[in-house]
Amino acid sequence: MNHSLYDFLQIIDNLVWGPPLLLLLVGTGIYFTFRLGALQFSKLPLALSYVFKKEEGVTGKGDVSSFAALCTALSATIGTGNIVGVATALKLGGPGALLWMWMAALFGMATKYAECLLAVKYREKDAQGNILGGPMLYLEKGVGQKWLARLFAFFTIGVACFGIGTFPQVNAIVDASHIAFNVPNEITAIVLTLLVAAVTIGGIKSIAGLASKIIPTMTVVYVTACIGILVNNAGAIPSAISLILESAFTGQAATGGFVGASIMIAIQAGVARGVFSNESGLGSAPMAAASAQTNSCVRQGLISMVGTFLDTIVICSMTGLALVLTGVWSMDIEGARMTTEAFSIGLDKGFGPMVVAIGLMFFAFTTILGWNYYGERCVVYLFGQRAVPTYKIVFLTLILSGAFIKLDMIWLIADIVNGLMAVPNLIGLILLRHVVAEETNIYFEALKNTIRSSADSNATSA
């Protein structure tokens, strides 16, 4: 590894993910939590019901169903962040990083609600008749700052090509297939590139259709396997929870043995990896939410915030507990190998690693597809439809080359471009906070009146 380049990237990463961005990310979530009356808690049952209940009388524009839009967003979020990212967070910040992931996610649900609401409200159709929506649209049309919209789109293409969308996912797939099936890296990279090319030709409908099948199935399989680890180590769960809570405020880290890390490192690792996993505040999920066939921006915002809950509160928690319960967080291994070892110890030396390998391959594959779509929407916004073929060639070339880049460098590059992408989006959310509150109040007032009218009608008929 080129240590001078790595050290330079480390300095940039520390600047990007320093206290200002962490405060902006978490602070935005805290603001919307209070402004919207802790909506992510009080309206979570309603949001969950919307996920599985088809909206009646849909006349609003959109390319795919609300459920398919959620699965597309989840396809981009449920991936290496849940399996490798959690391991990396615990390696950097100790078990306490998991608590900060939880905190970032709980507040992040309010952020995800707000950004996806705005995406549906300000969406429009492109020259091909496909939906174009997301932060670039609400920054331009809502805030009135086209330069911020372009900046967001530019950074998003960077994340798609050099961050979450390619290198970490490809590296995880290559690693998993080599560990579990001893497949040469070159073969995996070629097959993966061909598969991505085949699916992305079909656009959002093809990606959403595949995501709607893979994501629910693999989530159930992975969570069930994690529950198996918890059951097998049930007696150690109280002490594991205690270690997580204690380490969050003492900064106990695994790196270099039990070297005391500052609480700031635990917070930074937890929040950064949490955002990498659930993408709340990044502005990515709104691009998928905008494609939903729905009449209500609020309804889609509620459905979209379920994604953060499932991604971090459910799946990341399962991975983190497995790492702590089995003790592998303190071993001299990293990335996918750490999670694989946890499943090997917690379940079975044959079955456990197989679950991680298959989970990584499917989750990482759908993440690549989701981010291919996000990057494409931003290319269309900046350069028009004519630039899409060139973008796809570049994207596929990067996937092919991603198998040969070192893990440390990958996570640094991904962290940097993720953080840069979040900044214009968060500025937009803050400037449009009154729009979010107004739309929310109007929707729930109307819903309350509908319920009251229905109750009166039933009482009269009785």
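Throughout, numbering of the chain's residues begins at 1 and tracks the sequence.
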[atom1]-[atom2] distance between [X] and [Y], expressed to the nearest 0.5 angstrom:
X    : Y    : atom1 : atom2 : value
I313 : L310 : CD1   : CG    : 10.0 Å
L426 : T111 : CG    : OG1   : 7.0 Å
F351 : M354 : CZ    : CE    : 9.5 Å
L382 : F152 : CG    : CZ    : 10.5 Å
R433 : L36  : CZ    : CG    : 12.5 Å
L192 : Q169 : CG    : CD    : 10.0 Å

Please report the shortest heavy-atom distance between [X] and [Y], naming the atom on each side.
X    : Y    : value
C71  : I215 : O-CG1, 4.1 Å
A105 : T308 : O-CG2, 3.5 Å
V324 : W329 : CA-CD1, 3.8 Å
N82  : T319 : O-OG1, 2.9 Å
Q40  : L106 : NE2-O, 2.8 Å
A387 : V379 : CB-CG1, 3.7 Å

Should [X] and [Y] count as side-chain neighbours, where that means a heavy-atom distance under 4.5 Å?
X    : Y    : answer
M305 : S280 : no
L360 : I173 : no
N425 : Y138 : yes
S401 : F167 : yes
I368 : I399 : yes
I214 : F363 : no
Y374 : V159 : no
L447 : L46  : yes

Q | Side-chain donor-acceptor pair present, E140, Y381, cut-off under 3.5 Å | A | yes
Q. Side chains of S66 and Q293: is there a donor and an acceptor less than 3.5 Å apart?
A. no
[X] atom [atom1], neighbour heavy-atom count above 12 within 6.0 Å:
X    : atom1 : answer
R299 : CZ    : yes
F362 : CZ    : no
F41  : CZ    : yes

Q.
Between V298 and F444, is the side-chain contact (heavy atoms from CB on, under 4.5 Å) condition met? List the steps.
A. CA-CA 9 Å; V298 171; F444 285 109; 4.1 Å; yes
Side-chain donor/acceptor of [X] to backbone N/O of [Y], under 3.5 Å:
X    : Y    : value
R123 : A290 : yes
S344 : G352 : no
N14  : Q10  : yes
K125 : I131 : no
S317 : T312 : yes
R377 : G134 : no
W100 : A248 : yes
E341 : V328 : no

(Q) Which label fits F52 and F67: parallel for a plane angle under 30°, tilted from 30 to 60°, or perpendicular past 60°? (A) tilted
Q: Take the angle between the ring planes of F395 and Y391 and call it parallel below 30°, perpendicular above 60°, tilted in between.
A: tilted
**Q.** Test side-chain hydrogen bond (donor to acceptor under 3.5 Å, both in side chains) applied to T72 - qualifying residues, sequence neighbours left out
**A.** none
Q: Just jot down the side-chain hydrogen bond (donor to acceptor under 3.5 Å, both in side chains) partners of S291, sequence neighbours excluded, or say none.
A: none
Contact list for [range], test side-chain hydrogen bond (donor to acceptor under 3.5 Å, both in side chains), sequence neighbours left out:
range            : value
residues 178-197 : S177-T188
residues 43-57   : Y50-Y443, E55-T294
residues 144-163 : Q145-W147
residues 196-210 : none

**Q.** Stepwise side-chain hydrogen bond (donor to acceptor under 3.5 Å, both in side chains) test for Y113 and T440
**A.** CA-CA 10 Å; Y113 165 80; T440 303; 2.7 Å; yes
Q: Show the numbers, then the answer: is there a ring pair (Phe, Tyr, Trp, His ring centres under 6.0 Å) between Y222 and F343?
A: CA-CA 11 Å; Y222 185 77; F343 275 66; 5.5 Å; yes
Q. Could you go step by step and tell me if W102 and I244 meet the side-chain contact (heavy atoms from CB on, under 4.5 Å) rule?
A. CA-CA 11 Å; W102 292 336; I244 290 167; 4.2 Å; yes
Q) Any Lys/Arg nitrogen of K112 or E279 sitting under 4.0 Å from an Asp/Glu carboxylate oxygen of the other? A) no
(Q) L44 vs L39, test: side-chain contact (heavy atoms from CB on, under 4.5 Å). Steps then yes/no. (A) CA-CA 7 Å; L44 183 59; L39 170 140; over 6 Å; no
Q: Quick one: do V196 and F365 satisfy side-chain contact (heavy atoms from CB on, under 4.5 Å)? Show the steps, please.
A: CA-CA 8 Å; V196 171; F365 176 63; 3.7 Å; yes
